[in-house]
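Keep in mind that this is a model prediction, so the values were computed, not measured. Reminder, nothing fancy here: chain letters follow the sequence lines and each chain counts from 1.
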Amino acid sequence: MAYDFASIEAKWQDRWEEDRVFNVTEDPTRPKFYNVQMYPYPSGDLHMGHLRNYTYVDLLTRFHRMRGKNVLAPMGWDSFGLPAENAAIQTGVHPREFTERQIVRMKSQLRRLGAVYDWERELASHTPEFYRWDQWLFLQLFEQGLAYKKLASVNWCPKDQTVLANEQVVDGACERCGTTVEKRDLEQWFFRITDYAQRLLDDLALLEDWPERVRVMQANWIGRSDGCQFRMHVAGHDLWLEVFTTRPDTVFGMTFAVLAPEHPLVDRLIAGSDHEQEARDYIAAARRQSEIERMAEGEKTGVFTGAYAVNPVNGREVPIFIADYVLMGYGTGAIMAVPGQDQRDWDFARRYGLDIIRTVSPPPGWEGEAYLGEGIAINSDFLDGLDVAAAKKKIIAWFEEQGTGTGTVQYRLRDWLISRQRYWGSPIPIIICPTDGLVPVPVEQLPVVHPDVTDYAPRGESPLAAVPEFVNVECPSCGGPARRETDTMDTFVDSSWYFLRYCDAHNSEAIFDPAKVAYWMPVDQYVGGVEHAVLHLLYARFITKVLHDMGMVDVDEPFARLFTQGMLVKDGAKMSKSRGNVVAPDPYYERFGADAIRLFELFIGPATDDAVWNDNGVEGTYRFLDRVWRMGTGEIGLIVDRAEAAGDRAILASAHRALRKVTEDIERFRFNTAVAALMALANTLADYLRSQGGARTETFAEAFRLMVLMLAPMAPHLTHELWERRGHGSMLATESWPQWDPDLVRQDSVTMVIQVNGRVRDRIEVAADIDEVEAEMIALASARIAPYLEGATIRRVVVRVPTLVNVVLS
RNA sequence: GCCCGAGUGGCGGAACGGCAGACGCAGUGGACUCAAAAUCCACCGGGGGCAACCCCGUGCGAGUUCGAAUCUCGCCUCGGGCACCA
């Protein structure tokens, strides 16, 4: 009888829902397990690559549930964002309608996989019930000075007609559409994430159960540099130039200084100088270029200002240049240039014929250009003879004594730009009043809801700006006429706190009840793609810390354990709609069923690694499941009066060993080997059945029962049906995960390998508790190794009981 | 350029410093069948041998060790992250 997966799947998907098996509440008597998958953008159809992730999370939900945990597995939708809006531009369909249709579709596909969630906590960021609290959160940050608006040079995507956060610019292009990003000076809203830079960096150390590479990526992104900021007098001007350097120890080697083209002092330095026109042309050219164009030049270019800076340590006057290799956004936008110890300065000095002075002695035989390594200070007056660290310390102390400089720390991290000039996001709840400035929308007026518009096309400002009844309001403070802010928030604002909202998803009085959050947080297991290593994961950590500081969340870090799964690859590329290499699951559902798909997704390779799609793989796991089904549903034919046979203890032992392996493998996210262990067990049981002439003994029934329990989180439909049919109970999902019996797991006899000079020459079955003397005796008595011993001298015998003896001959 | 990973059969991959290739896919041969599908059985890294067996083999080259896919060093290749960040 073939396995009728279609009706079995439908039956159990209904049962899990009707019986509310995975709906949970706070229960202080049981350990909790908060299991969250990064909530998806509702893009509609799931392909095999997506199903891999959903299978992992669902397996964890079911596994931990069976282990007695109070498991919360919620699901929601990251449902604001550009795809719905771009679809609206093309079709005129309201983004809400489009989005909600996609959600319905995606939900049915999750159900079809057999993925279970506490759907009563479902949330979607595009709903006023949700984004009301986005806006509330914004106002909290605003009150604390953590949300602010400023004129800044920002990244602008000309295609999407909106600004982008630094984190959303990849290789100088828009992360979403790939268009080269431009720089524009615009008034924009920022979150002051830089206030948290040090804590975000320090607390990475607490995240022991995060992948190392994600922590490294975040640390690099935050980019702490310890250095020194000092000021230099501009000769002949009443001006001082502030520079930042990480190598203050090399200050005696400064032969010029450089300002970024956007530096505010530039104007005054060049005014009236012989070089004024040349400098203005250069600055204008630099402004026209994007950052990647600037970099693509390769050669470092610049222009002399005509002014000189006075090196505070030796009074030497050095020329001040303007060059676009110095960035306004980092440090002070001005540097001291030490070509002897910095390759970029070296390149520039060579091009413009500037002096090069070495201040750190390179090792003998050094033939490179700028020397960046360790060494002893030279040509540096009172620093001479010191190593780099000591020289840094001494020169910083010197600057501090003089009052012209100080040791400082710089971060690469910039404030998070959260304004977007688009429609489909949370409106920023601010009113701009000519008299009172930026006035928060009173909390009781939240949410600020999108008005419907007829034209979604981006025009450099949000389509909301075209709706007078939305824009024109009374100032809540003075009652005078005012305008609403029309920018919406970056969707990463939504995703930086949604996992808190799941804890109390329907609270209409507050963002959440801190007591409920205290029960569920932190997220015990967070699962998602590594592409979020610096975006979402950094923002979520930041917002959690802000809420922690407000006393609303007791934890300081949101995600105790992070798992970043590998991607599914086909034809040499990540499976994705845009690449056109997706494999749709439908034919596989129809031919092999959800459990076979799930099992293949688990089996395909290590969960952390990218895996290559194989068209025949699902059929393979289907064959395995079908074999299990046939084994479990054949005539039971229990031999009750049968004496225990030799193989009985062996198959029980196999089942218990598999149980230990499967348990440990799941705990370590080694799902592929867990599946392999179950396949091996099924093979063992099949061999046993054959040896018994097909009769199902009680021993078989027990071993089989264990196998069904182990398989339950992986292939839930089939195992639930077998469990019920075999009379074990009506709901496998709530059964306890079995415990292996150490007596059965223990091996009585093992294969001992006998090597001669490290090469295997014989294998002998021995008792597992054999002692070293006996092992050596047995080994040396082996007929197989006798020929090797002839005429040779035994130099040494290495014995590792009970598995190995190595006879070393001279 | 800097910082991480990873290189094992035809393929995906297994392997506490101790039997390389578990498990599966593909393939080959066989059983069942009028035939096919499904299922079941056997084989399945390369070379030699009738065989028992032997030799070679985990990207390349050294090293440590009784013993290395695994540890160390140096290369090569691929993937990822960062990148005029002073």
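Heavy atoms of A:Gly620 sit under 4.0 angstrom from primed sugar atoms or phosphate atoms, though from no base atom. Contact annotation for A:Gln755: base contact, defined as any heavy-atom pair under 4.0 Å involving a base atom. Using a 4.0 Å heavy-atom distance criterion, A:Val798 is classed as a base contact. In this structure, A:Tyr788 reaches the sugar-phosphate backbone alone: every heavy-atom distance under 4.0 Å involves primed, P, OP1 or OP2 atoms, never a base. Looking at heavy-atom distances under 4.0 Å, A:Arg224 makes no contact with the nucleic acid at all. A:Asp347 comes within 4.0 angstrom of no nucleic acid atom, judged by non-hydrogen atoms across all strands.
For A:Arg761 and B:C54, the shortest distance from a side-chain N or O to OP1 or OP2 is below 4.0 Å. Between B:C66 and A:Arg796, a contact under 4.0 Å exists linking OP1 or OP2 to a side-chain N or O. Checking the phosphate oxygens (OP1, OP2) of B:C53, a side-chain nitrogen or oxygen of A:Arg784 falls inside 4.0 Å. Distances shown here put a side-chain N or O of A:Asn683 below 4.0 Å from the OP1 or OP2 atom of B:G24. Residue A:Arg759 has a polar side-chain atom (N or O) positioned under 4.0 Å from OP1 or OP2 of B:C56. Contact annotation: A:Arg412 does not reach the phosphate of B:A86 (side-chain N/O to OP1 or OP2, under 4.0 Å). Phosphate proximity of B:C25 to A:Arg623: present, with a side-chain N or O under 4.0 Å from OP1 or OP2.
Ion pairing of A:Arg351 with A:Asp347 is absent here, as no side-chain N (NZ or NE/NH1/NH2) approaches a carboxylate O to less than 4.0 Å.
Remark on RNA chain B: of its neighbouring residues A:Ala680 and A:Val808, the 5'-side contact belongs to A:Ala680, judged by nearest-heavy-atom nucleotide. Comparing A:Arg627 and A:Asn806 against RNA chain B, the residue whose closest nucleotide sits nearer the 5' end is A:Arg627.
For B:C11, the paired nucleotide is B:G24, the pair qualifying as Watson-Crick or G-U wobble because both relevant distances are below 3.5 Å. Across every strand in view, B:C73 sits in a pair with B:G61 that passes the Watson-Crick or G-U test at under 3.5 angstrom. B:C78 and B:G5 make up a base pair, with Watson-Crick or G-U wobble contacts both under 3.5 Å. In this structure B:G67 sits in no base pair that meets the Watson-Crick or G-U test at under 3.5 Å. Using Watson-Crick or G-U wobble geometry with both donor-acceptor distances under 3.5 Å, B:U39 finds its partner in B:A31. Base pairing of B:C44: no nucleotide in any strand meets the Watson-Crick or G-U wobble criterion (both distances under 3.5 Å).
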*Could you please spell out the steps behind the side-chain contact (heavy atoms from CB on, under 4.5 Å) verdict for A:Ile604 and A:Leu568?*
CA-CA 9 Å; A:Ile604 191 165; A:Leu568 208 49; 3.5 Å; yes
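Atom C1' of B:A22 sits at a distance of 15 Å from the matching atom of B:G45, rounded to the whole Å. Nucleotides B:A83 and B:C76 have their C1' atoms positioned 24 Å apart, rounded to a whole Å. Comparing B:G59 with B:G1, their C1' atoms are spaced 24 Å from each other, to the whole Å. Separating the C1' atom of B:U65 from that of B:C11 is a span of 35 Å, rounded to the nearest Å. Separation of the C1' atoms belonging to B:A62 and B:G49 is 35 Å when rounded to the nearest angstrom. Nucleotides B:C2 and B:C71 have their P atoms positioned 23 Å apart, rounded to a whole Å.
If you take CZ of A:Phe600 and C1' of B:G24, they are 9 Å apart, rounded to a whole angstrom.
Within a 6.0 Å sphere centred on CD of A:Glu790, heavy atoms belonging to other residues, nucleotides or ligands number 12 at most.
Looking at A:Arg800, its side chain comes within 3.5 Å of the base of B:G18 through a donor and an acceptor atom.
Tested against A:Phe600, the residues A:Trp613, A:Tyr588, A:Phe592 include a single ring pair (Phe, Tyr, Trp, His ring centres under 6.0 Å) partner, A:Trp613.
In this structure, A:Tyr325 and A:Phe348 have tilted ring planes: the angle between them lies in the 30° to 60° band.
In this structure, the ring-ring contact (aromatic ring centres under 6.0 Å, His included) partners of A:Tyr56, at least two apart in sequence or on a different chain, are A:Phe671.
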For nucleotides 12-14 of chain B, give me every protein contact, N/O to N/O, under 3.5 Å, one pair per line with atom names.
unit_1 : atom_1 : unit_2   : atom_2 : d
B:G12  : O2'    : A:Ile604 : O      : 2.6
B:G13  : O3'    : A:Asn672 : ND2    : 3.4
B:A14  : OP1    : A:Asn672 : ND2    : 3.0

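Neither side chain, A:Gln410 nor A:Ser225, offers a donor N or O lying under 3.5 Å from an acceptor on the other.
Glycosidic conformation of B:G67 is anti; the angle lies outside 90° of 0.
The cationic atom of A:Arg412 (NZ for Lys, CZ for Arg) lies less than 6.0 Å from the six-membered ring centre of A:Trp221 and within 45° of the ring axis. Remark: A:Arg215 fails to qualify as a cation-pi partner of A:Trp210 under the 6.0 Å distance and 45° angle criteria applied to the six-membered ring.
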